[in-house]
Novice: 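My structure is below; once you've seen it, I'll send some questions.
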Amino acid sequence: MALPFVLKRGLSTSSAMNAVIKNVTIVGGGLMGSGIAQVAAQTGHNVTLVEVNPDLIKKAEDNIVKSLARVAKKQFKDDPEGGKKFIAESQSRIKGTTDIAEAVKDSDLVVEAIVENMEIKHKFFKTLDEVAPAKTMFASNTSSLSIGEIASVTKRKDRFGGLHFFNPVPVMKLLEVVRIPETSEETYQAFMAWGKAIGKTCVTCKDTPGFIVNRLLVPYVAEAIRMMERGDASPRDIDTAMKLGAGYPMGPIELADYSGHDTNGAVMEGWHKKFPDNPLFEPNESVRKLVQENKLGVKTGEGFYKYTTNKL
């Protein structure tokens with residue numbers, strides 16, 4: 001049974017102090033999910049990682065140990081024994097399971113990091129809402145879908161929000177905390193406090209397409225591709241101009257190849273379908289063609305550029 005939504009001026013700060021997040025469940029053990037699990041575990045939180053089968057759990061756990069070793073090498077370069085202890089203690093706080101009901105029975109927060117598909121997310125959160133305790137807060141790590149629409153199938157919209165991490169999670173310092181109108185002040189403050197506790201810098205955003213970073217970044221990349229499509233400038237010159245003229249670490253065409261045209265294309269197609277009158281969300285025909293040809297960028301060896309290694 002979900003807690004009723006009550007927001008009273010003057011009580012929000014003290015109420016939020018009671019909503020301490022200690023036990024965290026991460027659903028989805030891919031790059032994002034395993035990264036979130038890692039940063040939570042290495043900052044003292046108890047983590048349950050949920051995947052659909054034992055093989056995927058083992059793969060996620062192996063990736064986490066490798067990533068922890070990289071962190072330890074940097075943070076404990078003069079203290080190898082301290083590094084070993086850091087890895088062992090962090091690893092001990094993570095347990096894997098395929099049983100979602102078991103995973104959430106004492107969970108303060110569930111972070112969903114599964115496939116970017118609204119139907120699949122709805123099915124998941126309907127099930128989760130039935131088995132999770134009333135105290136449990138829900139969050140989605142979606143980068144492009146509406147938090148409000150995801151939350152619509154639950155009875156705890158007051159305890160629902162977006163926690164959008166960036167890849168690679170152990171390295172990237174930003175966390176976008178996304179509020180929907182129903183998100184309670186207690187839930188919001190708990191999310192902000194937890195973000196700080198795991199070492200992130202938190203920014204707040206309403207439930208707008210792409211939140212802050214992707215709302216600006218995706219149209220920027222799309223406009224760079226339109227410039228290339230019109231023949232205004234070559235891909236290499238566009239990238240060089242933005243790196244040397246704007247100080248960006250990577251040009252927009254390079255970034256599109258790095259991110260993957262299947263991912264970028266799906267985001268643009270989804271936004272265009274929902275907001276057909278917004279010219280910034282108009283999909284790029286050249287991206288559609290690349291996706292059809294399975295030239296998805298760095299991960300397939302070819303996109304707008306060709307790759308023999310993972311370096312441009």
Side-chain angles (χ1 to χ4, degrees), residues 31-32 35 116 118 140-147 149 162-169 171-179 200-293 295-300 302-307 310-312:
L31 281 175
M32 296 302 294
E116 289 284 78
M118 187 62 75
S140 176
N141 180 57
T142 182
S143 61
S144 62
L145 300 178
S146 165
I147 298 296
E149 190 174 347
L163 290 173
H164 181 219
F165 291 82
F166 292 81
N167 189 36
V169 179
V171 176
M172 300 294 280
K173 290 294 186 181
L174 184 66
L175 174 60
E176 291 181 327
V177 178
V178 184
R179 300 184 72 164
K200 301 303 180 186
T201 297
C202 299
V203 295
T204 304
C205 184
K206 292 182 178 179
D207 187 22
T208 185
F211 316 132
I212 298 175
V213 174
N214 284 340
R215 178 65 176 81
L216 297 173
L217 192 61
V218 172
Y220 154 71
V221 170
E223 184 59 24
I225 294 171
R226 291 186 194 103
M227 177 175 278
M228 179 200 68
E229 290 173 337
R230 291 193 302 266
D232 295 341
S234 70
R236 186 63 68 188
D237 284 346
I238 292 170
D239 286 336
T240 300
M242 293 309 296
K243 286 188 287 187
L244 300 185
Y248 289 6
M250 186 180 290
I253 312 297
E254 293 171 337
L255 181 58
D257 271 3
Y258 178 80
S259 301
H261 298 298
D262 51 341
T263 301
N264 293 341
V267 170
M268 286 294 282
E269 296 287 354
W271 289 359
H272 179 61
K273 184 177 180 180
K274 195 166 185 178
F275 305 97
D277 297 328
N278 192 329
L280 293 175
F281 298 160
E282 186 70 35
N284 301 104
E285 287 302 324
S286 60
V287 171
R288 284 172 168 165
K289 186 172 186 294
L290 287 175
V291 172
Q292 290 171 356
E293 296 172 351
K295 296 177 181 178
L296 306 181
V298 174
K299 60 187 174 184
T300 59
E302 184 176 356
F304 288 115
Y305 299 109
K306 290 185 179 181
Y307 304 87
N310 283 338
K311 293 183 179 180
L312 290 161

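Computed from a prediction, not measured in an experiment: that's the story for all the values here. Throughout, residue positions are numbered sequentially from 1 according to the sequence presented.
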Novice: Do M172 and N167 make a side-chain contact, defined as non-hydrogen atoms from C-beta onward lying under 4.5 Å apart?
Specialist: no

Novice: Which atom names give the shortest non-hydrogen contact between A222 and M268, and what distance separates them?
Specialist: CB-CE, 3.8 Å

Novice: Got a second to check how far Q292's CD is from L290's CG, nearest 0.5 Å?
Specialist: 9.5 Å

Novice: Are I212 and V203 close enough that some pair of their side-chain heavy atoms sits under 4.5 Å apart?
Specialist: yes

Novice: Any sub-3.5 Å donor-acceptor pair from N141's side-chain atoms to F165's backbone N or O?
Specialist: yes

Novice: Between the side chains of E149 and K274, is the shortest nitrogen-to-carboxylate-oxygen separation below 4.0 Å, so that they form an ion pair?
Specialist: yes

Novice: Check this for me: does any side-chain nitrogen of one of R288 and E293 sit under 4.0 Å from a carboxylate oxygen of the other?
Specialist: no

Novice: With heavy-atom distances below 4.5 Å as the criterion, would you say the side chains of K200 and L174 are in contact?
Specialist: no

Novice: So that I know where these two stand, are Y220 and Y248 an aromatic pair - ring centroids less than 6.0 Å apart?
Specialist: yes

Novice: Could you go through the side-chain contact (heavy atoms from CB on, under 4.5 Å) check for T142 and H164 one step at a time?
Specialist: CA-CA 6 Å; T142 182; H164 181 219; over 6 Å; no

Novice: Heavy atoms, side chains only, cut-off 4.5 Å: are L163 and S140 in contact?
Specialist: no

Novice: Quick check: does any side chain N or O of W271 sit under 3.5 Å from a backbone N or O of S144, one acting as donor and the other as acceptor?
Specialist: yes

Novice: So I225 and S286, do their side chains get closer than 4.5 Å, heavy atoms only?
Specialist: yes

Novice: Quick check for you: to the nearest 0.5 Å, what is the distance between L296 atom CG and S259 atom OG?
Specialist: 12.0 Å

Novice: Report the distance from atom CD1 of I238 to atom CD of E223, rounding to the nearest 0.5 Å.
Specialist: 9.5 Å

Novice: Quick one: does F211's side chain get under 4.5 Å of I147's, heavy atoms only?
Specialist: yes

Novice: Does N264 reach the side chain of V218, with side-chain heavy atoms less than 4.5 Å apart?
Specialist: no

Novice: Parallel, tilted or perpendicular: which one describes the rings of Y307 and Y305, with boundaries at 30° and 60°?
Specialist: perpendicular

Novice: Using only atom types and a distance under 3.5 Å, with no angle test, would you say the side chain of D257 pairs donor to acceptor with the backbone of F304?
Specialist: yes

Novice: For the CE atom of M118 and the CG atom of L145, what is their distance to the nearest 0.5 Å?
Specialist: 4.5 Å

Novice: Does D239 reach the main-chain N or O of I253 with its side chain, forming a donor-acceptor pair under 3.5 Å?
Specialist: yes

Novice: What do the steps show when you test V213 against E176 for side-chain contact (heavy atoms from CB on, under 4.5 Å), and what is the final call?
Specialist: CA-CA 9 Å; V213 174; E176 291 181 327; 3.3 Å; yes

Novice: Should the pair D262-K299 be classified as a salt bridge under the 4.0 Å nitrogen-to-oxygen rule?
Specialist: yes

Novice: Between E254 and K243 (salt bridge meaning N to carboxylate O under 4.0 Å), is one present in this structure?
Specialist: yes

Novice: For the residue pair H272 and D277, establish whether any side-chain heavy-atom pair is separated by less than 4.5 Å.
Specialist: no

Novice: Kindly indicate, with the supporting measurements, whether the criterion salt bridge (Lys or Arg N to Asp or Glu O under 4.0 Å) is fulfilled by R226 and E229.
Specialist: CA-CA 5 Å; R226 291 186 194 103; E229 290 173 337; 5.8 Å; no

